Amino acid sequence: LLATTDAPQLDKATRRKLATILANTVKNKDVAGLQAAVRLPSGETWLGTAGNAEFLPDRAMEDDTSMAIASITKTFIAALILQLAEEGALDLDVPFGTYFRDAPRSKRATTRHLLSHTSGIYNYFENPRYGKAANAWLQSAPTGLDSREHRWTYDEIMDLVKAGYCKPGRCYRYSNTNFVILGQIAEAVGGKPLHKQLRERFFKPLGMAHTVFQPEERPRGEAAHGHWLVGAGYSDHTRGSRFVPFMAAASVADAAGAIASTAGDLAIWADALYGGKVLSDESLQQMTTFLSSGTYGLGTDVAVFAGNRGHGHRGGLRGFESSMWHFPRDGVTVVLLSNRGNWITDGPMEKLVRAVLGKA
């Protein structure tokens with residue numbers, strides 16, 4: 001139970017606590033910058049920032065500074081697929097090759113297997129060839145897959161896919177390849193490019209003015225730069241790029257992680273998605289029914305912070321980390337985005353949730 005019988009509030013004391021958590025995290029954890037949002041069921045929203053969007057020259061993080069949200073993208077792709085299923089355009093439980101054949105296991109794995117990471121299809125990010133290209137990106141190699149400016153194609157991504165982990169339905173193995181394929185299915189079934197479907201169905205109707213699908217769309221305004229901590233300073237992954245983290249990283253992530261957004265926009269999204277404003281009750285129930293072996297539904301994860309169970313997703317991509325959670329018991333959404341990669345955001349997320357919801 002909550003420590004108080006009162007409904008969650010964003011009074012002055014709570015807002016001060018939230019701002020202090022961000023400031024202390026930047027100070028004590030060597031984090032470049034943070035952006036956070038808390039949204040109540042009423043729509044009342046707190047937005048907060050700390051630290052820098054960029055260094056040399058120093059530029060402060062702002063509420064409307066776009067960042068790569070990485071695997072939180074999967075919640076949008078899953079919602080799109082589930083809407084198409086609601087409309088009768090596809091069946092989650094027939095082989096996905098019914099709709100798109102140019103992928104491994106198209107005759108055996110279903111769309112539901114892809115959504116739940118139970119297809120057994122190999123995760124292309126685990127291929128050493130991807131690791132080689134990713135290391136070369138830090139050196140700004142000039143040509144081919146090793147270039148930061150290279151725009152990856154679907155075929156180039158799928159060339160990284162090796163033998164699978166298990167037969168479809170026999171194991172849970174998180175694989176970004178599943179969602180790259182789902183993006184192709186959505187285009188084949190929906191009859192429009194993926195970025196147009198996402199904009200028409202979600203971004204525009206919900207007023208998500210700072211959310212884009214890269215690289216077909218560019219981040220709005222001056223985006224944050226992605227950083228890794230190196231010694232006493234930061235390695236800037238984004239400098240010179242119009243995309244976040246940069247063209248190669250965004251395009252290779254594709255439907256598994258290419259969206260750029262803000263904490264405020266994601267708070268709107270999570271509230272709408274998990275609050276039942278995007279999908280039917282039946283589809284939302286399927287999305288938030290979690291595997292017994294693992295903690296995954298359909299494009300949605302589950303986590304507990306300060307004893308409060310939330311639905312959402314984490315993400316990480318080349319200098320960015322993201323965390324988005326909706327707590328259905330109280331109808332509260334908490335989002336935390338960072339432009340420093342390779343660190344765990346769960347600590348400050350725990351504190352933010354505790355500040356708003358108390359310890360359950």
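Keep in mind it's a predicted model, so treat the numbers as computed, not measured. Numbering starts at 1 and runs along the sequence shown.
Between His117 and Phe179, the distance from one ring center to the other falls under 6.0 angstrom. Taking the ring centroids of His311 and Phe290, they lie under the 6.0 Å cut-off. Residues Trp228 and Tyr234 keep their aromatic ring centres 6.0 Å or farther apart. Aromatic pair Phe213/Phe203: centroids not less than 6.0 angstrom apart.
Between Lys192 and Glu200 there is a salt bridge, since at least one side-chain N of the basic residue sits less than 4.0 Å from a carboxylate O of the acidic one. Under a 4.0 Å N-O distance rule, the pair Lys74/Asp301 does not qualify as a salt bridge. For Asp30 and Arg340, the salt-bridge test fails: no basic side-chain N is under 4.0 Å from an acidic carboxylate O. Ion pairing between a basic and an acidic side chain is recognised when a charged N comes within 4.0 Å of a carboxylate O; Lys359 and Glu350 show no such pairing. Ionic pairing of Arg199 and Glu217 is present here: one or more N-O contacts between side-chain nitrogen and carboxylate oxygen are shorter than 4.0 angstrom. Asp159 has no carboxylate O lying under 4.0 Å from a charged side-chain N of Arg129, or vice versa, which leaves the two without a salt bridge. One finds no salt bridge joining Arg201 and Glu86 here, because no Lys/Arg side-chain nitrogen approaches an Asp/Glu carboxylate oxygen to under 4.0 Å.
Not a single donor-acceptor pair under 3.5 Å links the side chain of Glu222 to the backbone N or O of Ser66. For the pair Thr65 (side chain) and Ala224 (backbone), a donor-acceptor distance under 3.5 Å is absent. Remark: the backbone N or O of Ser261 is not paired with any side-chain donor or acceptor of Asp265 at under 3.5 angstrom. The main-chain N or O of Gly144 is never found under 3.5 Å from a side-chain atom of Ser147 such that the two would form a donor-acceptor pair. Panel note: side chain Gln286, backbone Leu298; no donor-acceptor pair is recorded below 3.5 Å. Here the side chain of Thr73 pairs a donor or acceptor atom with the backbone of Ala70 at under 3.5 angstrom. Side-chain atoms of Trp137 come within 3.5 Å of backbone N or O of Leu145 as a donor-acceptor pair. Gln214 places a side-chain N or O within 3.5 Å of a backbone atom of Ala258 that can act as its donor or acceptor partner. A donor-acceptor pair under 3.5 Å links the side-chain atoms of Asn28 to the main chain of Asn24, judged by distance alone.
The environment of Lys204 atom NZ is sparse: at most 12 non-hydrogen atoms of other residues, nucleotides or ligands sit within 6.0 angstrom. More than 12 heavy atoms of other residues, nucleotides or ligands sit less than 6.0 Å from atom CD of Glu44. Open room surrounds CZ on Arg170; 12 or fewer heavy atoms of other groups in view lie less than 6.0 Å from it. Counting heavy-atom neighbours within 6.0 Å of Arg239 CZ, excluding the residue itself, gives a total above 12.
Between Tyr165 and Tyr122, the ring-plane angle classifies as tilted under the 30° and 60° cut-offs. Aromatic ring orientation, His237 versus Phe246: tilted (interplanar angle from 30° to 60°).
Judged purely by distance below 3.5 Å, without hydrogens or angles, the side chains of Arg173 and Asn123 never pair a donor atom with an acceptor atom. For the 3.5 Å distance criterion, the side chains of Asp93 and Thr110 fail to qualify, holding no donor opposite an acceptor. For the residue pair Trp343/Thr345, the side-chain donor-acceptor check at 3.5 Å is not satisfied. With 3.5 Å as the limit, one finds no donor-acceptor pair spanning the side chains of Glu54 and His227. Ser283 and Ser280 share a side-chain donor-acceptor pair at under 3.5 Å. In the model, Tyr274 has a side-chain atom that pairs as donor or acceptor with a side-chain atom of Thr300 under 3.5 Å. Checked by atom type, the side-chain pair Ser292/Tyr172 shows no donor-acceptor distance below 3.5 Å. A donor-acceptor pair shorter than 3.5 Å cannot be found between the side chains of Lys17 and Thr14.
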CA sep, side-chain torsions, deciding dist, call: Ile81, Leu115, side chain to side chain contact (heavy atoms under 4.5 Å, CB included):
CA-CA 9 Å; Ile81 292 290; Leu115 287 166; 4.0 Å; yes
Test Thr25 against Lys351 for side chain to side chain contact (heavy atoms under 4.5 Å, CB included), laying out the working first.
CA-CA 10 Å; Thr25 301; Lys351 294 176 182 177; 5.7 Å; no
Could you go through the side chain to side chain contact (heavy atoms under 4.5 Å, CB included) check for Leu10 and Leu18 one step at a time?
CA-CA 9 Å; Leu10 288 174; Leu18 294 169; 4.0 Å; yes
Ring pair (Phe, Tyr, Trp, His ring centres under 6.0 Å) evaluation trace for His313 with Tyr296:
CA-CA 10 Å; His313 221 290; Tyr296 211 82; 5.6 Å; yes
May I have the step-by-step check of side-chain hydrogen bond (donor to acceptor under 3.5 Å, both in side chains) for Tyr99 and Ser106, ending in yes or no?
CA-CA 9 Å; Tyr99 314 107; Ser106 63; over 6 Å; no
Please assess Phe100 against Tyr154 for the test ring pair (Phe, Tyr, Trp, His ring centres under 6.0 Å), listing each intermediate value before the final yes or no.
CA-CA 13 Å; Phe100 179 75; Tyr154 173 76; 5.7 Å; yes
From CA spacing to verdict: side chain to side chain contact (heavy atoms under 4.5 Å, CB included), Val180, Tyr124:
CA-CA 10 Å; Val180 171; Tyr124 67 98; 3.6 Å; yes
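In this structure, Pro41 and Val332 have side chains that are in contact, with non-hydrogen atoms separated by less than 4.5 Å. Between Asp63 and Thr262, every side-chain heavy-atom pair lies at or beyond the 4.5 Å cut-off. Within the 4.5 Å cutoff, the side chain of Leu337 has heavy atoms near those of the Leu266 side chain. Contact annotation: the side chain of Ile181 approaches that of Phe96 to within less than 4.5 Å [non-hydrogen atoms, C-beta and beyond]. Looking only at side-chain heavy atoms (C-beta outward), Phe202 and Gln197 stay at 4.5 Å or farther from each other. At a threshold of 4.5 Å between non-hydrogen side-chain atoms, the residues Thr45 and Val38 do not count as touching. Side-chain contact check for Arg354 versus Asn308: every heavy-atom pair is 4.5 Å or farther apart. The closest side-chain heavy-atom distance from Gln184 to Asp102 is not below 4.5 Å.
Tracing side-chain contacts under 4.5 Å through hydrophobic residues (I, L, V, M, F, W, Y), one never reaches Val335 starting from Val302; they form parts of separate clusters. In this structure, Leu80 is a member of the same hydrophobic cluster as Leu206, with clusters built from ILVMFWY side-chain heavy atoms closer than 4.5 Å. In terms of hydrophobic clustering, with Ile, Leu, Val, Met, Phe, Trp and Tyr side chains grouped at heavy-atom distances under 4.5 Å, Val353 and Ile344 are assigned to different clusters. Residues Val356 and Leu47 are members of separate hydrophobic clusters, defined by side-chain heavy-atom contacts under 4.5 angstrom among Ile, Leu, Val, Met, Phe, Trp and Tyr. Neither Val252 nor Leu317 shares a network with the other; the hydrophobic side chains, linked directly or stepwise wherever heavy atoms of I, L, V, M, F, W or Y lie under 4.5 Å apart, form separate groups for each.
With sequence neighbours left out, Asn52 forms a side-chain contact (heavy atoms from CB on, under 4.5 Å) with Phe55, Asp58. Partners of Thr333 by side chain to side chain donor-acceptor pair (under 3.5 Å), not counting sequence neighbours, listed by chain and number: His326.
Between Leu34 and Ser338, the shortest heavy-atom contact is CD2-CB, 3.7 Å.
Under the 4.5 angstrom side-chain criterion for Ile, Leu, Val, Met, Phe, Trp and Tyr, the cluster partners of Met247 are Phe243.
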